[in-house]
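Here's the structure, in structure tokens; my notes come after.
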Amino acid sequence: MKSIILLLAAFFCVTSLDAQTNNLPIRKDSLKSLLKNELRDSARVILLGDLSFAYSSNYPDSAMQIALEALSLAKRIGFVKGEAISLNRIGNSYNLLGNKSKAMGSFLSALKLFEKIHDVEGTARSLNNIGTVYSSLGEYQKAIEYYKKVLKLRGQPGSGLTGGVAHNNIARSYLALKKYALARTYSNQAYELAAKNNDRLRTGNALFITGSIYSETGQKNLALEYYRLSIRYSEMTENHVNLANTFLGMAQVFEKNRQIDSALYYARKTFKITRKAGFTKGTLESSKFLSTIYEEMGNPDSAFFYLKAATLAKDSLFNQQNINQFYNLDFEEKLRQTEIAAADIKDKEERSHNLQFAAIAIGLLTFIILFFALSRSIIVKTKFIEFFGVLLLLAVFEFINLFIHPYLDKATNHSPVLMLLVLIVIGALLVPLHHKLEKWITKIMVEKNKKIRLEAAKKTIATLEPG
């Protein structure tokens, strides 16, 4: 059972609803070509997300860098869906790098955004990803809860879900819990849905799980039959993880049947694939398996060779964990810088809008004051001009404050006391200027009012005098 759980653990780290293709691996070169020619920012965010996923299984560090770029762009243009997609990609990388808490945080943030914009497909992807974190931690029952939430969303308008993904994950979880009947039910459903959608990748996964169920329940011939069927689909889709796990599963069945030559043959195939692809855990398991068999056969040289390979893989895994911890810290800082940059861009946009509003207010108030002050037919009271003068003073002060704030903030090193003193000085300069301007406008207005009253009086006298 332990060997099956180890095989499933490898799957849980890479299983995701975020796959972009049913039958072929994502082609990085084609995505890069599309990115090069795409000018729309929102489309670039989506393509960056796809490219991040393409790198995620084998190069989680590169996947993270691309996802951070996508997140920064999405935040800058206010593309909420793109931000949520980027967070899912970041979570995938954290999960593969072993930082489960950060992975969970990213997936939960993505889930909230998808729910906010009522994106059913994105919600399902996030729920599935959260389930994979619980699965990788051995919390299979909790994982099943999230996978079943995905199933409830299937068929809703806009879901666009690929059949078999959540079913496969539920089947794996039940297999790990030794609930074989339930595992078999969901693996059958996964196979049917994947076949219906011509999804070869998920079909291969479902066949592998079914083979593992039969292997655990002692039905060895059926296990081998399903493993062989799974190999065909894994080779078509270049699914190296599934292929390596299937070969090792077959090796374990043959070893139980004491068909040692066949067991060695498939275990060596697993070793070759995992070593070439850099799947360190797979290399560790296959080399330990081979070393044990060769030792039992009385072949010390081969046993020592694979034992050494196992030791190197274990050391490499330990070193990789240290490297992953470094990347986690590095990515956290980059994510923080991305958030700071996005917030800075948003602040600049808000400041620009506020400056425009303040300028409009200044222009409008100035027009009102001058119109009433210089109008040749309207008599205006002094208090009216004083009221609008105060409003204009406040608008000018706010405009100056908004304009100089970034420079003032930098010059005073974010000191509230110094900033307040500078603003007080500016206010002290504006107040006497405002009084002078108000006095000048009031003088003009008084003279204008006198002229209007004088002309009105003349007209009245003229109408009263006898013709």
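In this chain, numbering begins with 1 at the start of the sequence shown.
- Ring planes of His167 and Tyr186: tilted class, angle from 30 to 60°.
- Among all heavy-atom pairs drawn from Asn242 and Gly204, the shortest one is ND2-O, 3.4 Å.
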Evaluate Tyr266 against Leu248 for side chain to side chain contact (heavy atoms under 4.5 Å, CB included), listing each step before the verdict. CA-CA 6 Å; Tyr266 285 105; Leu248 188 55; over 6 Å; no
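- Side-chain contact between Asp50 and Arg89: present, with at least one pair of heavy atoms (C-beta onward) separated by less than 4.5 Å.
- In the model, Thr132 has no side-chain atom that pairs as donor or acceptor with a side-chain atom of Asn169 under 3.5 Å.
- Here the CZ-CD1 distance, from Phe208 to Ile213, works out to 10.0 Å after rounding to the nearest 0.5 Å.
- How far CG of Leu153 is from OG1 of Thr123: 6.5 Å, rounded to the nearest 0.5 Å.
- Atom CD1 of Ile46 and atom CG of Leu31 lie 12.0 Å apart (nearest 0.5 Å).
- Partners of Ser33 according to the side-chain hydrogen bond (donor to acceptor under 3.5 Å, both in side chains) rule, which considers only residues two or more places apart in sequence or in another chain, do not exist here.
- In this structure a side-chain-to-backbone donor-acceptor pair under 3.5 Å is missing from Arg200 to Thr237.
- Under the side-chain hydrogen bond (donor to acceptor under 3.5 Å, both in side chains) criterion, Arg275 pairs with no residue at all, not counting sequence neighbours.
- Atom CG of Leu201 is separated from atom OH of Tyr233 by 12.0 Å, given to the nearest 0.5 angstrom.
- Ser52 places no side-chain N or O within donor-acceptor distance of the main-chain N or O of Leu48, the cut-off being under 3.5 Å.
- Salt-bridge check for Arg125 with Glu121: passed, with a basic side-chain N closer than 4.0 Å to an acidic carboxylate O.
- At a threshold of 4.5 Å between non-hydrogen side-chain atoms, the residues Phe114 and Lys81 count as touching.
- At distances below 3.5 Å, not a single donor-acceptor pair connects side-chain atoms of Asn128 with backbone N or O atoms of Ala124.
- A pairwise comparison of heavy atoms in Gly211 and Ala223 identifies O-CB, 3.3 Å as the closest pair.
- Side-chain contact between Leu421 and Val425: absent, with no pair of heavy atoms (C-beta onward) separated by less than 4.5 Å.
- Residues Leu177 and Leu182 have side chains not in contact (no heavy-atom distance under 4.5 Å, counting atoms from C-beta outward).
- Of the inter-residue distances, the one linking Phe79 atom CZ with Ile117 atom CD1 reads 7.5 Å to the nearest 0.5 angstrom.
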Go through Met64 and Tyr94 one step at a time and tell me if the side chain to side chain contact (heavy atoms under 4.5 Å, CB included) criterion holds. CA-CA 8 Å; Met64 176 69 86; Tyr94 272 132; 3.7 Å; yes
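- Lys100 contributes a side-chain N or O that, together with a main-chain N or O of Asn95, makes up a donor-acceptor pair within less than 3.5 Å.
- Looking only at distances, no side-chain donor or acceptor of Thr283 sits under 3.5 Å from a matching main-chain atom of Phe271.
- The salt bridge (charged side-chain N to carboxylate O under 4.0 Å, His left out) pairs that include a residue from residues 126-149 are Lys142-Glu145, where partners are two or more places apart or lie in different chains.
- Note: Lys276 NZ to His240 NE2 = 7.5 Å, rounded to the nearest 0.5 Å.
- Minimum heavy-atom separation, Ala110 to Ala84: CB-O, 3.4 Å.
- Taking Thr270 as the reference, nothing meets the side-chain hydrogen bond (donor to acceptor under 3.5 Å, both in side chains) condition, with sequence neighbours excluded.
- Closest of all the heavy-atom pairs between Glu83 and Leu71 is CG-CD1, 3.5 Å.
- When the options Tyr227, Tyr180, Tyr226 are evaluated for a side-chain hydrogen bond (donor to acceptor under 3.5 Å, both in side chains) with Ser212, the one that passes is Tyr227.
- Among Asn205, Asn239, Leu229, Ile231, the one residue that satisfies the side-chain contact (heavy atoms from CB on, under 4.5 Å) test with Thr246 is Ile231.
- Residues Ile85 and Val45 have side chains not in contact (no heavy-atom distance under 4.5 Å, counting atoms from C-beta outward).
- The two residues Val133 and Ser136 come nearest to each other via the heavy atoms O-OG, 2.7 Å.
- Judged by distance alone, with hydrogens and angles left aside, the side-chain atoms of Ser86 form a donor-acceptor pair with the main-chain N or O of Gly82 at under 3.5 Å.
- Thr185 and Tyr174 share no donor-acceptor pair across their side chains, judged by distance under 3.5 Å alone.
- Applying the side-chain contact (heavy atoms from CB on, under 4.5 Å) rule to Asp41 yields the partners Arg44, Leu73, Arg76, Ile77; only residues at least two apart in sequence or on another chain are considered.
- Looking only at distances, no side-chain donor or acceptor of Ser72 sits under 3.5 Å from a matching main-chain atom of Leu68.
- Between Tyr147 and Ser135, the closest side-chain pair of non-hydrogen atoms falls below 4.5 Å.
- Every residue meeting the side-chain hydrogen bond (donor to acceptor under 3.5 Å, both in side chains) condition with Ser187, not counting sequence neighbours, appears here in chain and number order: Thr210.
- Other residues, nucleotides and ligands place no more than 12 heavy atoms under 6.0 Å from the OH atom of Tyr191.
- Nearest heavy atoms, Ser230 versus Leu207: CB-CB, 3.7 Å.
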